[in-house]
Each structure stands twice: as C-alpha cells, then as structure tokens.
Amino acid sequence: MKKRNLTAIILSTAMLAGCGSSTSSSATKTYRFAADQDITTMDSAFATDPTSMNALHATNEGLMAVGKKGDTVAGLAKSYKLSKNRKVYTFILRDNLKWTDPDGKTTPLKAQDFVYSWRRALGQASEYAYMFSSDAAGIKNADKLVELGTKATKKQLATLGISAPDDKTVKVTLERPCSYFLDIMTFSCFYPQSEKYITKWGKSFATDAKHLLTCGAFQATNWVKSSKITFKKNNNYYDKKDVKIDNLTMYLNQDPKTSAANFEAEKVDFATINSSLVDKYKSNKAYTQFAQGYVYYININFKKKLLANKNIRAALSYAINRKDFTSNVLKDGSQPIGGMVGRTIAYNPKTHEDFRKESGNYVAYDLKKAQSLFDKGLKELGMKSASLEILYGTDESPENTVAEYLQHAFSQLKGLKVDVKASTRQGRIQKQDASQYDIALQHWGPDYSDPTTYLNLGLSNNSNNRGKYNNPKFDAAMKAAQKESDAYKRWNDLLKAEKIEMKDYAFIPLFQKGAAALQNPKTSGLIYKMALSSPYTFTYVQVK
C-alpha cells in the first residue's frame, strides 16, 4: 500500500538525566500521559476535542493508520486500488479483524461496520459530518445528506458513496479526486462502528469503560471522568507485535502546574506545560518544545452592529502585538501567524512552497493606525464610544492568557471599553451558536493536510462558521477550488480565497501554537502529528 507523508514529530529521547527519569516497573510497562482537558465522548462519530480523539485513537483505527515514522500507512485495510479517474477507492480489509468487548469477547469486524458508521455520523448530524462532504473528503452524495441532517431517511443515507460488496471490501466513491483522501481516512469520524453493540447498549454506548469496543492497539479498562482513563494492550489487535507497552494511563483535566508537579514526582511520563512554567524548566533535560498545527484566532459575531463594521474589525487586528505576546508571554515556541492557514501544513504542487509563506502576511501591529481605523469606524456608525466583550473557555489553555492580553491591547484604543467573559468550551460554543457574544477566542487544528481544513471555517454554510461571516466572493473561490481537477489551479483558487477572507477581516488570526512539555528520558516513540484527528499516537511508545 502506498504511503503519504504528513508533518509529524516523533517525540523520542536519548537523554541520560533529568527530572522524572524513573519509569514503571520493567515487568509491566506503563506509559502515563497528562492531558489538559477532559474526554467529552468516546463515540467516534461525535468526538471533536483533542483529548477525546487521543483516547479514541488509542482504542480504534480507520482504513488507514499512523505509522512508526508518522506517515500514513495501511490500517484496518491491508491494501487498496484507485480507479483511473481517481474517484473510486476499493479497500481490502485485513484477515481476521476483531472487535473486543469489555469482557474480552470478540466478534468479527466487517466492511459493513464502516458503512454503518459513516451513515450514522451523517444521519445523526454529527459536528464532523461536513468531513464527508465537498468541504473535505468529497464523498459522493454527502453534500445533500449533510444538508438533510437528521431528516435524512435510510433510503437517502444509502446513497452515500460507500458500500460493502462483501465482508472484506469497502468501496468508496468520491465526487472529485481528493489528493489527501488516504490521510483523511485516519480521522476518527471515519472509524468503523458496530451496529450490533450500539443497538444493544443504546444510550450507554461510549459512556463508560463497560460500554466501549476496541479494534485498536489498546482496550479501555477503567474511566473515571475528569480524572483518568486506563488502557491495556489489546492482544486481538492485528499489529500487537509493535505495541511494546502493557498499559497506558491518561490523566484528564490536568492543569499545567499539576502536570509538572506530577512529572517531578515521577507520576507521569509526559506533561504539557504552559508559559508560566517555561522559564523554570527550559534548561532541564526533560524539557522539549515542538510546533503544533493549531491556529488561534478571534471569531467575530457579524450580527453585532459594531463588529459588522470592517474598520472596527481592522482596528482590533492592528491593535495586537503578536510578536510581543508569543515571545514574551507564551514563550512556548508559538509564532505569530499572518493568515488563517497554518505553516508546514500544505505546499504548492509545483514549487513546493509553504502555503503560509506564499499567501503572505495579512496582519501587522500599528497602534496609531488601529486608533485611526477605530475612530473612522465609530464615525461611520454614528457612535462616540463602544464596549466589547471577549468570550473564552477556561478549559481551553492558554485562552485565559490570550484573553487577558487582548483586553489590555484593545483597551489602548481610546473610546473602547473591554470586558472578558469566562465560560467553558461547551458554554462558549453554546453562546456562539445563540449569537450571544461579541468576539470569541478560538483555535482550529488541521484535520488534514490541505488549506481547506482552515479555510472551510469561512464558508457561509459551514457549521463551524459561528460568527455568520458571509461573502459570496469567498464562497465562489472555494467552490471553484472544489471543482478544479488541476492541482496548481486549485492551489491558486485557495490563495485567492484566503486573500478575500483576510482582507475582509472575517477572522483575526493571532498565532500558531507551539508546545512545551516535559518528557521522561526513558521513554520514546510517542508520535505527534500536526494534522489528523489525533495529535498523539501511542501505539509505538516504548518504556525502558
């Protein structure tokens, strides 16, 4: 089977000393990972947050998988064939694939499990249903089914471009060729699911360890919400020989200070830390820093009179000193970003130049210009002053730090009063969906290695366009890219789309996240990928 390379970092170490240097006993090898968020669901059709996806990635797998080098390799499918028109993929599943239930009993995993799972995600209008549509994978008839959502009938769902000619064959038909299709098949919403068990367990499915199935490297054994989830090696996994640890523990909802303290106490092997701890640990041999794919940005509520004014939006962007914030506040390797598409995610098909570099920089810090634009905007609105509220999630690190910095930055604009509104991630989303906010702090991680994974956020009909930005010219440029079969012409359509979006101040990009972490020197093989459904792959972790 062919392989496709994506930006990946293998977090291996060859260190000899440093805090947290001891490991679990050699008899039973356990890897302990501190996660800064809780798991919201273990239902692969509905998981949207990184921690849930990391856990799902440990217990499940798709047609394609993440390999030892961070590349895209054969997963549950051992091979595939691609039609001459590049629109039909025929996957052949591995022999003797099995589902393992909480009691250790097994049932065959069949091609129909993919068909059921994909139809279920669309029929229940999962948040990632758009991943099946022309906005991402471009699977045949998915656009119409996304539009229908929960109103789609079984007969209509059966038109989705996936079928199972037999127990070992999965046939997928696309609306158009998709260069990143194999990569996107590692995404959690494309994992298979068992209709038998979901029907049997009903509402209990994926709510605790007693109602979880596995077809991946690990099997969940215990799940205490907001505390930890434990896994053991799945001996029914087809590639069990490559799984070198016996157990995996994910500590949940761990704030960076707690994670760092637990690392020093040798209770965890990997702990992400924040800017307040960087200076303390940066000279420690256990300290590591790496780039992430997450782009942090300001989401704007276009239904608000003040923010519907382009000069006001531009003023906010010019008032932000991104370089000062990333260098002197975050200090974790985060970098200012000049557009919505992150660095090292997608490259020009002819010149191989990074999209971010080729597209250019659409932001700058100029407080004098910001004030001038703000004054102009107020005059256009017939206002002498204005107030602004920044909404953020307290469980979305480092959004609290970002909110505090932006409050100070925006307060430098004369005539603007700035407040902050703290919520949870879910609370933030609810307020945005109800248009009960001014601006909100958000971040977006790339689901696949293509500019559209970021640019789709600006589409007028995209469910994640919570600010209701709507520009027919932007939609038209994105639609042209969807239909374009020539890769270079498509690339230029996407460059045009970002330019429209950024000149419109549809979103205000802030920075691309870096990560600082403490890693046990006696561990290796943890893989971090900028793109795809799960940043971390635990399958190849080793503990000395």
Side-chain angles (χ1 to χ4, degrees), residues 34 36-37 50 254-261 263 271-284 287-300 315-340 342-343 356 361-371 388-413 416-425 428 438-445 507-518 530 535:
D36 60 1
Q37 295 181 9
Q254 299 285 297
D255 67 81
K257 288 184 178 179
T258 300
S259 294
F263 184 86
T272 302
I273 60 174
N274 62 9
S275 55
S276 67
L277 297 169
V278 168
D279 289 341
K280 178 179 179 180
Y281 290 105
K282 64 183 179 182
S283 60
N284 193 295
Y287 178 82
T288 185
Q289 193 176 88
F290 52 96
Q292 294 185 319
Y294 292 103
V295 169
Y296 282 65
Y297 63 96
I298 295 173
N299 174 270
I300 294 164
L316 296 178
S317 182
Y318 276 104
I320 305 166
N321 189 334
R322 295 163 179 83
K323 183 176 175 59
D324 173 64
F325 180 65
T326 55
S327 298
N328 301 318
V329 180
L330 290 181
K331 297 182 289 186
D332 59 0
S334 295
Q335 295 293 323
I337 194 78
M340 280 298 288
R343 299 181 187 86
R356 180 71 275 126
N361 183 20
Y362 294 102
V363 304
Y365 172 61
D366 187 331
L367 189 57
K368 185 177 180 180
K369 186 172 183 177
Q371 187 66 59
L388 184 72
E389 185 176 83
I390 303 171
L391 175 66
Y392 72 98
T394 56
D395 53 353
E396 298 180 281
S397 179
E399 298 290 27
N400 56 333
T401 304
V402 180
E404 183 180 347
Y405 189 89
L406 291 181
Q407 182 183 29
H408 173 75
F410 294 156
S411 294
Q412 302 307 302
L413 295 173
L416 180 63
K417 178 185 178 183
V418 186
D419 293 314
V420 294
K421 177 70 174 181
S423 184
T424 60
R425 176 181 183 273
R428 168 183 64 76
D438 295 333
I439 63 174
L441 303 186
Q442 287 190 228
H443 56 278
W444 189 262
F507 305 95
I508 299 177
L510 298 172
F511 58 92
Q512 186 167 347
K513 187 74 169 64
L518 301 175
M530 282 192 175

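Distance alone, capped at 3.5 Å, is enough to place a donor-acceptor pair between the Asp395 side chain and the Arg425 backbone. With hydrogens and angles disregarded, a donor-acceptor distance shorter than 3.5 Å links the side chain of Gln512 to the backbone of Gln292. Looking at Thr326, its side chain does come within 3.5 Å of a backbone N or O of Arg322 through a donor-acceptor pair. Judged by distance alone, the side chain of Thr394 and the main-chain N or O of Thr424 form no donor-acceptor pair under 3.5 Å.
Using a cutoff of 4.0 Å between basic side-chain nitrogens and carboxylate oxygens, Arg428 and Glu396 are scored as salt-bridged.
Counting only heavy atoms from C-beta outward, the side chains of Pro336 and Val363 never approach each other to under 4.5 Å. The shortest side-chain heavy-atom distance between Ser334 and Phe325 does not fall under the 4.5 Å cut-off. A heavy-atom distance below 4.5 Å is not found between the side chains of Met340 and Tyr362. Using a 4.5 Å cut-off on side-chain heavy atoms (C-beta onward), His443 and Glu399 make contact. Side-chain contact between Gln335 and Arg343: present, with at least one pair of heavy atoms (C-beta onward) separated by less than 4.5 Å. Within the 4.5 Å cutoff, the side chain of Leu413 has heavy atoms near those of the Gln371 side chain. For the pair Ile508 and Leu316, the minimum side-chain heavy-atom distance is below 4.5 Å. You'll find the side chain of Ile439 stays beyond 4.5 Å of the side chain of Leu391, heavy atoms only.
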Show the numbers, then the answer: is there a side chain to side chain contact (heavy atoms under 4.5 Å, CB included) between Leu388 and Asp419? CA-CA 6 Å; Leu388 184 72; Asp419 293 314; over 6 Å; no
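Atom CD of Gln442 is separated from atom OH of Tyr296 by 11.5 Å, given to the nearest 0.5 angstrom. Considering CG of Asp366 and OG of Ser317, their distance stands at 11.0 Å, rounded to 0.5 Å. A distance of 12.5 Å separates CZ of Phe263 from CG of Leu277, quoted to the nearest 0.5 Å. Atom OH in Tyr294 sits 10.5 Å away from atom CH2 in Trp444 (nearest 0.5 Å). Of the inter-residue distances, the one linking Asn274 atom CG with Lys331 atom NZ reads 10.0 Å to the nearest 0.5 angstrom. In this structure, OG1 in Thr288 is found 10.0 Å from CD1 in Ile273, a value given to the nearest 0.5 Å.
Ring-plane geometry between Phe507 and Tyr297 is classed as perpendicular, the angle between the planes exceeding 60 degrees on a 0 to 90 degree scale with a lower cut at 30.
When all heavy atoms of Pro50 and Gln37 are compared, the closest pair comes out as CD-OE1, 4.1 Å. Minimum interatomic distance between Ala260 and Ala271 (heavy atoms only, all atoms of both residues): N-CB, 4.5 Å. Taking all atoms of both residues into account, the shortest heavy-atom contact from Leu330 to Ser275 is O-CB, 2.6 Å.
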Please set out all donor-acceptor pairs under 3.5 angstrom arising from side-chain atoms of residues 401-410, sequence neighbours excluded.
{"residue": "Tyr405", "atom": "OH", "partner": "Asn321", "partner atom": "O", "Å": "3.4"}
{"residue": "Tyr405", "atom": "OH", "partner": "Asp324", "partner atom": "OD2", "Å": "2.6"}
{"residue": "Gln407", "atom": "NE2", "partner": "Val418", "partner atom": "O", "Å": "3.1"}

